[in-house]
2 protein chains.
Amino acid sequence: MTGTSIAGVDMTPFGEHEVSLPELFAAAAKGAISDAGVSPEEIDQLYLGNTFGGEISQQSHLGPFVASYLGIPGIPVTRVEDACASSSNAFRQAVQSIMAGRADIVLVGGVEKTSPATGLTTSQRTAAFGQAADVDFEQPTGLTFAGAFAMVANRAIHEGLFTEEQMAAVAVKNHYNGSLNPHSHFRNEIEVDDVLESPVVADPLKLYDCCPFTDGASAVVLARDEHATRLSDAPIRVLSSEQATGQTPLHDKPDMAVLDTVAQAGQRAFAAADIAPTDVDVAEVHDCFTPAELLILEALGLMAKGTAGTATVEGQTQLDGTIPVNPSGGLKAKGHPVGATGTAQIVEVANQLWNRCDNRQVDDPMIGITQNLGGDFGSSVVTVFEAP
Amino acid sequence: MTGTSIAGVDMTPFGEHEVSLPELFAAAAKGAISDAGVSPEEIDQLYLGNTFGGEISQQSHLGPFVASYLGIPGIPVTRVEDACASSSNAFRQAVQSIMAGRADIVLVGGVEKTSPATGLTTSQRTAAFGQAADVDFEQPTGLTFAGAFAMVANRAIHEGLFTEEQMAAVAVKNHYNGSLNPHSHFRNEIEVDDVLESPVVADPLKLYDCCPFTDGASAVVLARDEHATRLSDAPIRVLSSEQATGQTPLHDKPDMAVLDTVAQAGQRAFAAADIAPTDVDVAEVHDCFTPAELLILEALGLMAKGTAGTATVEGQTQLDGTIPVNPSGGLKAKGHPVGATGTAQIVEVANQLWNRCDNRQVDDPMIGITQNLGGDFGSSVVTVFEAP
C-alpha cells in the first residue's frame, strides 16, 4: 500500500497535434486539475514523462517550461525518461515523493509528439525511436522496434505459444475498443483478414499488428490519501507501483520469448498490493505490437503460458470477457505517444474504476492494473489500483 | 533532515573519453561501490542523471543498459533529465526513494559525453546544448547558452554588481584549484590578463570565462542512516536536497540579473537543513560561466548583493579563504560533462568533508553545499551536507 490515491485524471485526444509540448501537456494537466478540483497552487511537485523531447521536438529540459506554461513556476519539476515507460516511471516517482513526506499533492503525466505533424520524416522518427535500443550492438544492425518485436514473436510462434491469427485477434479487439473511445487515434473497426492481409512490416508483424506514431498528453492528480479524500468523493487508491529492469541488449537474454522484466515488475506489484493476478478485473497493457499483449498477459500471470492467444480469440479479454484487456483501445488503436502512454493507461484504468467509460465500460471493476514496457524489454512498470 | 548519508563516492577523470556511456558510468559507479564497501547486490535502486544521451550519443533509455553493464539487471532504474542539473535532481530522487521507505541503499550518479571525442562537430554539440532553451522563443533567435549568460552578465555589469576583471578572477581561482585536482579537465594555471585577452565568445564573456565541452561520470552510494553507519566509519549526512524551477523563458523573468530560481532552492535547502548561509564552510556552485559563480554566491546569501566580485578578487573564495568556492576547479576548470556535473559536485564536497582532498583540501569543513543549475536559469538544486 502506498498511502496515495488518484483524485483526478485527463488526457488529450490522441492523434496529430500542431501545438508545442508545453501547450499539449497543459491541455491534459488542466483537465486533471479541474477533475480533481484542486487549486494549481496546492500542487507540491510535478513529474513529467517524456522520451523524445530532444530527439524529435528539439526541446529538452521540458520540466521548467511546462511549469511556467501552467502558471506554477517555482515548484520542483522532474522529467523522467524510461523509453516507452517514461510516464509510468514518473508516476512511480510521484508516489515515492508523497510516501517520502515531500509532497501531499503531485501532478504527474506525460507528453510526446511523434506523428507526421512533427515535420520529421518517417525515417527520422523511426531513427529517434531506435535510439532506445543499444547503440553499440542493436542500432548498427538496423534493428528497429518492429524488428525486435518480430524476432520475439517469431520465437514465440516457433515455441507454439500463439499463431499469427491469434495475434490478429488482439488487433481486432483493440480496434473495436478504440472505436468506442472518443480519445482514440484510430476509431475504425477491423477484421482478422484486414490484419493478415495488411502489408508486412517485419515478418510476422503486419501493419495492423503495429501501433501508430501518435501525439498526445495525459495527466493525473495524485494525492496523499487524506488529501485525496478532501478533493474527491471517491478517490482511487494506488495499491502499488513497481518497476523492474531486464538484461540488455535483447540478445543477452537467456530466452527471448520470456518477458522476465514484465514478470518481475508484476510479481513485485502484486506482492506490494497484496493481491493475486486472479484479483485483477481490468488491465491496460503495453500492446505496442500485438504479440506483446499476448506475452505480457502470460508474463503477468493473468493467463497461463501458451493460452493467451486462444483466450483472446475466445473473447476472454474483450470488454465483457472474464478479464477485459485494453478497454481504451490500447497502444494499438488509442495510439502511442511514447512519453504519454504510461499515464494514459492510468487515466483509462481510473475512469474504468470510476465507472465513467460509457459504452466501453467494463462491468463494475474493483481492481485495475497498468503494465507499461520500456525499450525492447529493458524495463517495465506495473501499477495496481483499487476502486473507491 | 533526510535520514540519508553518503557512504562512498567516485568519479572518472573529466576530459575526453572514447568509451560508451555505460562503460564510462560503470567506471565511476564501481569506484563508489568499492569506496562504500557495499556489495552490488545490496543496491535497491539506481538513479542516473543524463542530459544528451539521445541528442549526442544516440542512446536513450540509458537506465537498463547501465544496470546490465554493472551486472545488476533487474533493479529499478530511473533516468532523470533536468538539463545541467540532471544528476543533482537524480540525487534528490534517490534521497526521496529512501525517505519513502522504498530503498535502503541507492546508487546515484551521472554520465555524459560532449567533447570532440563524440565525433560531432562543435556546431552540432552547441545545437544539442541549445535544445535546453525554449524551442519557440529562444532557439530560433540563435541564442546559445554563452549568449544567454552574456545577456545576464551585461545586465549585472550595467547594474554595477561586478566587473569583467572580477569575472576573470573567478576563472583564475578555479583554474588554480583545478591545477591541484587530478580529475580536472584543465590543469593549467592562468592569470587575469589571460582571461581578458582571450577571444570574445559572447560579449562580455571571453573564452576563459566559459567552461569546456567535457566527458565524464560521477557516482555516489547513498544509504539510509543506519545502513550508512554499517558501511562507513564516517558517513556524510545529507541534511537537505531541494529543487526550484523558475519562470521561463529567460525574457519573462522580471529581472534577468536576479537568480530567483537559485535563491528559492537555496532558501528551501537551508530551511530544511536548519542552517544559515553563514554556516557553510565549503561550496561547489555552478560556474558554467564566470559571472554565474558571482551571481549564485549572492543569490544563495553566501555574499551580500554586489560584493561577490570584490570578495573573489580579495581571495575570500579561494582554498584558504573565508568561504572556499569550487575547490574542485568547478565547471570552469574541472569541466562540465552535463549530466555528470551535479553528482561530481557532491563527490567533491563529500571528499572535502572527509578531509581527503590532498593539496586542495580546505581547512576542516563541517558544512558543505552543492548548487547545480539547469538551463538558462530554469531550475536549480541545492543540497546540504554535514561532516561526520
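Naming: A, B, ... by sequence-line order, numbering from 1 per chain.
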Using heavy-atom distances under 4.5 Å, tell me whether [X] contacts chain A through its side chain, its backbone, both, or neither.
X        : result
B:Thr261 : neither
B:Asn89  : side chain
B:Phe129 : neither

Has A:Asp44 got a side-chain atom pairing as donor or acceptor with A:Asp104's backbone, closer than 3.5 angstrom?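 Yes, the answer is positive, given that a donor and an acceptor are paired below the 3.5 Å cut-off.
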Between A:Ser87 (side chain) and A:Gly339 (backbone), is there a donor-acceptor pair under 3.5 Å?
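The answer is yes, because a donor-acceptor pair under 3.5 Å joins these two groups.
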Segment of [X] engaging chain B (4.5 angstrom heavy-atom cut-off):
X        : value
A:Thr78  : both
A:Gln264 : side chain
A:Ala133 : backbone
A:Tyr69  : neither
A:Phe137 : neither

Using the rule given for side-chain hydrogen bond (donor to acceptor under 3.5 Å, both in side chains), can you reason through A:Thr126 versus A:Thr144, listing the C-alpha separation, both sets of side-chain angles and the distance that settles it, and then say yes or no?
CA-CA 7 Å; A:Thr126 301; A:Thr144 63; over 6 Å; no
Top of [options] for chain B proximity - count of heavy-atom pairs under 4.5 angstrom:
options                              : answer
A:Arg92, A:Gln96, A:Gln247, A:Gln139 : A:Gln96
A:Val80, A:Ile72, A:Ile75, A:Asp260  : A:Ile75
A:Leu21, A:Asn50, A:Val135           : A:Val135
A:Ser57, A:Gly54, A:Gly74            : A:Gly74

field: Distance-only donor-acceptor check, side chains A:Ser60 and B:Glu81, under 3.5 Å
entry: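 Looking only at side-chain atoms, B:Glu81 and A:Ser60 do not form any donor-acceptor pair under 3.5 Å.
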query: If we ignore angles and hydrogens, is there a donor and acceptor under 3.5 Å between the side chains of B:Ser68 and A:Thr248?
result: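 There is such a pair between these side chains.
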Discussion item. Quick check: B:Phe377 with B:Phe149 (ring centres under 6.0 Å apart)?
Written reply: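 Here the rings of B:Phe377 and B:Phe149 have centres that are less than 6.0 Å from each other.
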Check: Do you know which two heavy atoms are closest between B:Leu222 and B:Phe91, and how far apart they sit?
Finding: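 For B:Leu222 and B:Phe91, the tightest heavy-atom pair comes out as CD1-CZ, 3.8 Å.
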Heavy-atom closest pair, residues B:Val381 and B:Ser241 =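 Result for this residue pair: CG1-OG, 4.4 Å.
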Salt-bridge contact B:Glu242-A:Arg102 (side-chain N to carboxylate O under 4.0 Å):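 Salt bridge: yes.
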With a 4.5 Å cut-off on heavy-atom pairs, point out which of [options] contacts chain A the most.
options                             : result
B:Pro73, B:Ala272, B:Ala100, B:Gly3 : B:Ala100
B:Gly378, B:Ala244, B:Ala132        : B:Ala132
B:Gln58, B:Arg268, B:Gln45          : B:Gln58

* Asked: Passes side-chain hydrogen bond (donor to acceptor under 3.5 Å, both in side chains), B:Thr51 versus B:Ser86? Steps please.
  -> CA-CA 6 Å; B:Thr51 309; B:Ser86 293; 3.0 Å; yes
